[in-house]
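Take a look at the structure below.
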Amino acid sequence: MEGAGCTSRPASFIPSCSGLATRRCPSVPWALMKAEFVLDALQVTHHPSPAPHPALEDHLAHLRALLVEDLVGFEDALLASVDGSLAPLPDTSQHLIAAGGKRIRPLLVLLCGRAAGNLDADKLRPLALAGELVHVATLLHDDVLDDADERRHRPTPRLRWGNTASVLGGDYALTRALDCVDSVGHPAPMREAIATLRSLVEGEVLQAHLRGRLDVTHDDYMQVIERKTASLFRWCARAGAHCGPHPSMATALGHFGGALGLAFQMIDDVIDYESPEGTSGKLPLADLREGKMTLPLLLGLERDATLRPWLEQAQGKLPTDGAARRELIRRLQEVDAVGSARALARAQAEAAAAALSPLAASPYRAALEGIAYGLAERVR
Ligand code: FPP
Ligand code: MG
């Protein structure tokens with residue numbers, strides 16, 4: 001494999017940690033996690049516009065207490081779950097995991113599972129690990145597809161270890177994710193995980209097909225984000241209910257997870273246009289550089305007929321020309337495209353919260369509502 005660091009670790013096969021959340025690998029200390037984990041993990045910051053839900057901080061405080069049993073040692077388990085194979089396969093995943101991230105997918109597994117009455121941490125933990133491991137796998141592949149150089153304020157694994165290592169590291173993380181799902185011994189999460197992986201792949205294919213085009217429709221955009229993001233959120237929201245006492249709750253939780261995933265991706269796409277250069281952990285206007293038409297630009301094109309011809313001639317110089325990028329942002333602001341995109345994401349988050357209504361009131365359900373409203377306001 002190409003890239004630095006390939007030979008720094010002795011080759012070995014130590015596949016003993018699969019299903020580690022149930023078997024508790026002795027090398028993984030289940031030390032008490034820091035109380036700040038959830039706040040850091042969510043990275044929620046109030047947006048300058050009035051937050052629609054004043055009690056977000058209360059919900060996050062609940063989270064700390066509610067999930068302590070499930071999250072003890074979670075980070076160590078995540079790192080250990082991709083350890084024990086040929087270098088540099090573990091390094092690529094561990095590089096991303098150690099860089100942080102929101103951990104929203106495992107939180108969803110844990111909270112949704114518990115909201116559906118599944119209090120069995122030995123089942124929820126491996127599913128939560130699986131949710132994050134699939135995410136890590138997709139990022140390792142995605143950064144190759146997008147030629148991305150920076151993620152989470154660090155060089156991407158593909159830049160450090162090479163494209164081959166990043167793709168195979170992603171494949172390896174994926175096998176570990178499936179080990180975790182398998183260890184739960186329930187057919188539904190595995191069946192749905194396979195369908196979800198198919199959706200993720202289809203989302204990327206669709207996105208590749210649309211790359212660089214200015215005639216992308218709103219419907220195209222929704223099709224892409226449904227597959228590449230909402231599908232995994234939906235799986236995370238449903239997985240715990242399947243192996244709990246009320247599997248029928250998976251339906252409402254799936255609606256919640258799907259809508260939350262759409263809102264999450266829409267906000268991600270808004271942040272790409274909102275972040276001052278250098279603050280998002282990725283290059284500024286990364287989506288545009290990568291030829292991706294996302295919601296703020298779609299709305300801008302709908303509202304300003306002069307934007308398309310301007311973009312056609314400016315597209316080539318946007319990656320290198322800061323003045324052209326600032327001009328684009330100014331044009332989008334003029335028609336309130338970025339603000340409106342955030343408003344659409346907020347409506348989607350509200351739909352997510354409403355989908356929880358069939359569930360019995362519980363601190364877990366309240367925390368999920370808090371996450372929905374909080375995510376719609378996040379700024380990084
Ligand atoms: C990030 O999107 C990427 C995804 C949400 C999904 C990526 C999926 C694949 C590469 C295909 C399936 C892979 C596996 C392992 C099943 P983005 O590029 O918009 O976000 P970014 O700005 O964070 O890169
Ligand atoms: Mg990408």
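Bear in mind that the values here come from a model prediction, so they are computed numbers and not experimental data. Reckoned from all heavy atoms, side chains included, excluding hydrogens, waters and symmetry mates. Order of listing sets the numbers, starting from 1, for every ligand and every atom in it.
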Checking [X] side chain against [Y] main chain: does a donor-acceptor pair fall under 3.5 Å?
| X | Y | value |
| --- | --- | --- |
| Trp235 | Gly131 | no |
| Thr92 | Leu89 | yes |
| Gln207 | Val224 | no |

Query raised in the report: Asp142: which N/O/S atom is nearest the Mg ion (ligand 2)?
Result: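 Going by distance to the Mg ion (ligand 2), the closest N, O or S atom in Asp142 is OD2.
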
Requested in this report: Have a look at Asp146 and say which of its N, O or S atoms is nearest the Mg ion (ligand 2).
Outcome: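 So the atom name we want here is OD2.
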
Query raised in the report: Asp70 and salt bridge (Lys or Arg N to Asp or Glu O under 4.0 Å): which partner among Arg114, Lys123, Arg103?
Result: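 Output: one option passes, namely Arg114.
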
Query raised in the report: Is the Phe233 ring parallel, tilted or perpendicular to the Phe264 ring (thresholds 30°, 60°)?
Result: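 Geometry flag for Phe264 against Phe233: tilted rings.
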
Out of [options], indicate the one that has the non-hydrogen atom closest to [atom].
| atom | options | result |
| --- | --- | --- |
| atom 8 (C) of ligand 1 | His135, Glu202, Glu204 | Glu204 |
| atom 15 (C) of ligand 1 | Arg152, Lys228, His141 | His141 |
| atom 3 (C) of ligand 1 | Val144, Asp142, Val224 | Asp142 |

Requested in this report: Answer yes when Glu334 and Arg330 have at least one side-chain N-carboxylate O distance shorter than 4.0 Å, and no when they do not.
Outcome: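 Yes, Glu334 and Arg330 are salt-bridged.
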
**Report entry** Ion pair Lys292/Asp146, N-O distance below 4.0 Å
**Finding:**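 Yes, charged N to carboxylate O under 4.0 Å.
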
Query raised in the report: With a 4.0 Å cut-off on heavy atoms, does Lys292 reach ligand 1?
Result: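 For ligand 1, residue contact (heavy atoms, under 4.0 Å) with Lys292 is present.
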
Query - Residue-ligand contact Arg151/ligand 1, heavy atom below 4.0 Å - result: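 Yes.
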
Query raised in the report: Any N/O/S of Glu290 under 2.8 Å from the Mg ion (ligand 2)?
Result: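 Checking the Mg ion (ligand 2) against Glu290, no N, O or S atom falls under 2.8 Å.
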
Requested in this report: May I ask you to check if any N/O/S atom from Asp143 comes under 2.8 Å of the Mg ion (ligand 2)?
Outcome: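 No, Asp143 does not qualify, because none of its backbone or side-chain N, O or S atoms lies under 2.8 Å.
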
**Report entry** Per-atom contacts, ligand 1 versus Asp146 - under 4.0 Å to a heavy atom
**Finding:**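 Under 4.0 Å from Asp146, ligand 1 has these atoms: 18 (O).
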
Query raised in the report: Can you list the atoms of ligand 1 that are under 4.0 Å from a heavy atom of Thr229?
Result: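 Once the distances to Thr229 are compared, the set is 5 (C).
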
Query raised in the report: Between Ser166 and Asn163, is any side-chain donor less than 3.5 angstrom from a side-chain acceptor?
Result: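 There is no such pair (donor and acceptor under 3.5 Å, judged by atom type) between the side chains of Ser166 and Asn163.
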
